[in-house]
Amino acid sequence: MVFDAFPRITWRQDAIWRRQAARSFDDLRADLAAGRWPQPSCAADEMALHLMLTTAQAAVADGWSGLEDRFSGLPEHPDDLGWGMLVDVLFQDTDILALFDPSRDGIEAPDDDENQYLGVGDYTPSAWFTPFDNMSPRDPRRPFRR
């Protein structure tokens, strides 16, 4: 079901692509478990983190109480539910979100006029696992979830 929430350009990707995309969720979870900020290192990580934040925001808005029990010992802060600030802090940009806009179809391709004008880069599905130029690649030997 999670892949239904991905942009339309990804819907026809094969099982190998989907396993790699799913691993992005695990990579970000591992960052958090190790006490690190979840830093998207490629487009797949960006999409995973956007979907994680969207789901968390909706869960909190719906009154999901799982967070209260887990974090009740932490001090409250006025920015605790600052979802917009999380986007500002955790992402280099929000270019990937343009893939959800049907009026911008084609923007994922580096040779697209709008892509070039905005400096978006390559967001074609085949490039989703290529590390961004300013990020270190993740260990290619890391396992897939079974």
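Note: hydrogens, waters and symmetry copies are ignored here, and every other heavy atom, side chains too, is used.
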Trainee: Hey, are the side chains of R138 and R23 touching, using non-hydrogen atoms and a 4.5 Å cut-off?
Mentor: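 Of all side-chain heavy-atom pairs linking R23 with R138, none is under 4.5 Å.
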
Trainee: Any side-chain heavy atom of E108 within less than 4.5 Å of one from D112?
Mentor: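 E108 vs D112: side chains apart.
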
Trainee: The test is side-chain contact (heavy atoms from CB on, under 4.5 Å); show your working for Q20 and F144 and say whether it passes.
Mentor: CA-CA 8 Å; Q20 289 178 295; F144 286 97; 4.1 Å; yes

Trainee: Would you give the length of the straight line joining atom CE of M135 to atom OG1 of T130, rounded to the nearest 0.5 angstrom?
Mentor: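 Between M135 CE and T130 OG1, I get 14.0 Å after rounding to 0.5 Å.
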
Trainee: With a 4.5 Å cut-off on side-chain heavy atoms, are S41 and F132 touching?
Mentor: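 No, every pair of side-chain atoms sits at 4.5 Å or beyond.
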
Trainee: Less than 4.5 Å apart, any side-chain heavy atom of W37 and any of D31?
Mentor: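 No, too far: nothing below the 4.5 Å cut-off.
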
Trainee: Are Q39 and D45 close enough that a side-chain donor and a side-chain acceptor fall under 3.5 Å?
Mentor: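 Per modelled atom types, Q39 and D45 side chains form no pair under 3.5 Å.
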
Trainee: Ignoring hydrogens, what is the shortest heavy-atom contact between I96 and A43? Give both atom names and the distance.
Mentor: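 In this case the closest contact between I96 and A43 is CD1-O, 3.3 Å.
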
Trainee: Establish whether F25 and I16 are linked, either directly or via other cluster members, by ILVMFWY side-chain heavy-atom contacts under 4.5 Å.
Mentor: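 Each belongs to a different hydrophobic cluster.
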
Trainee: Taking the side chain as C-beta and beyond, is there a heavy-atom pair between T124 and I9 under 4.5 Å?
Mentor: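 T124 does not reach I9 side chain to side chain.
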
Trainee: What's the spacing between M47 CE and F3 CZ if we round to 0.5 Å?
Mentor: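 Result: 11.5 Å between the selected atoms.
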
Trainee: Determine, step by step, whether Q92 and N134 satisfy the side-chain contact (heavy atoms from CB on, under 4.5 Å) criterion, reporting the C-alpha distance in whole Å, the side-chain angles of both residues, the deciding distance to 0.1 Å, and the verdict.
Mentor: CA-CA 10 Å; Q92 296 179 45; N134 64 340; 2.9 Å; yes

Trainee: Please round to the nearest 0.5 Å and tell me the distance separating atom CG of L49 and atom CG of D27.
Mentor: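 These two atoms lie 12.0 Å from each other.
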
Trainee: Verify side-chain contact (heavy atoms from CB on, under 4.5 Å) between E46 and D93, making sure each step is shown before the conclusion.
Mentor: CA-CA 9 Å; E46 278 186 326; D93 58 50; 3.7 Å; yes

Trainee: Are the side chain of W128 and the backbone of A21 linked by a donor-acceptor contact shorter than 3.5 Å?
Mentor: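 Side chain of W128 to backbone of A21, a donor-acceptor pair under 3.5 Å: no, none is there.
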
Trainee: For the side chain of N115 and the backbone of I107, is there at least one donor-acceptor N/O pair under 3.5 Å apart?
Mentor: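 Between the backbone of I107 and the side chain of N115 there is a qualifying donor-acceptor contact (under 3.5 Å).
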
Trainee: Checking the side chain of Q116 only, and the main-chain atoms of P110 only, is there a donor and an acceptor separated by less than 3.5 Å?
Mentor: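 It does hold such a pair.
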
Trainee: Who are the salt bridge (charged side-chain N to carboxylate O under 4.0 Å, His left out) partners of R29, not counting sequence neighbours?
Mentor: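 Salt bridge (charged side-chain N to carboxylate O under 4.0 Å, His left out) list for R29, sorted by chain: empty.
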
Trainee: Compare every heavy atom of P38 with every heavy atom of L28, then report the nearest pair and how far apart it is.
Mentor: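 Residues L28 and P38, closest heavy atoms: CD2-CB, 3.9 Å.
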
Trainee: Inspect the surroundings of CG in D101 and state if more than 12 heavy atoms from other residues, nucleotides or ligands are less than 6.0 Å away.
Mentor: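 Yes, because the 6.0 Å sphere around CG of D101 holds more than 12 heavy atoms from other groups.
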
Trainee: Taking C-beta and beyond as the side chain, do L118 and D95 meet within less than 4.5 Å on heavy atoms?
Mentor: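 Side chain of L118 against side chain of D95, heavy atoms only: no contact under 4.5 Å found.
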
Trainee: Nearest 0.5 Å, please: how far is CG in L86 from CE in M52?
Mentor: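 One gets 11.5 Å once the value is rounded to the nearest 0.5 Å.
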
Trainee: Tell me whether the rings of W17 and F6 are parallel (<30°), tilted (30 to 60°) or perpendicular (>60°).
Mentor: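 Plane angle over 60°, so perpendicular.
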
Trainee: Would the distance check show the side chain of R18 and the main-chain N or O of W11 forming a donor-acceptor pair, the cut-off being under 3.5 Å?
Mentor: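 Such a contact is found between R18 side chain and W11 backbone.
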
Trainee: Would you kindly confirm whether L53 and L32 end up in one hydrophobic cluster when ILVMFWY residues are joined by side chain heavy atoms under 4.5 Å apart?
Mentor: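 In one cluster: no.
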
Trainee: Within the supplied structure, the quantity of interest is the number of heavy atoms (other residues, nucleotides, ligands) at a distance under 6.0 Å from R142 CZ; does it exceed 12?
Mentor: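 Check passes, neighbour count above 12.
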
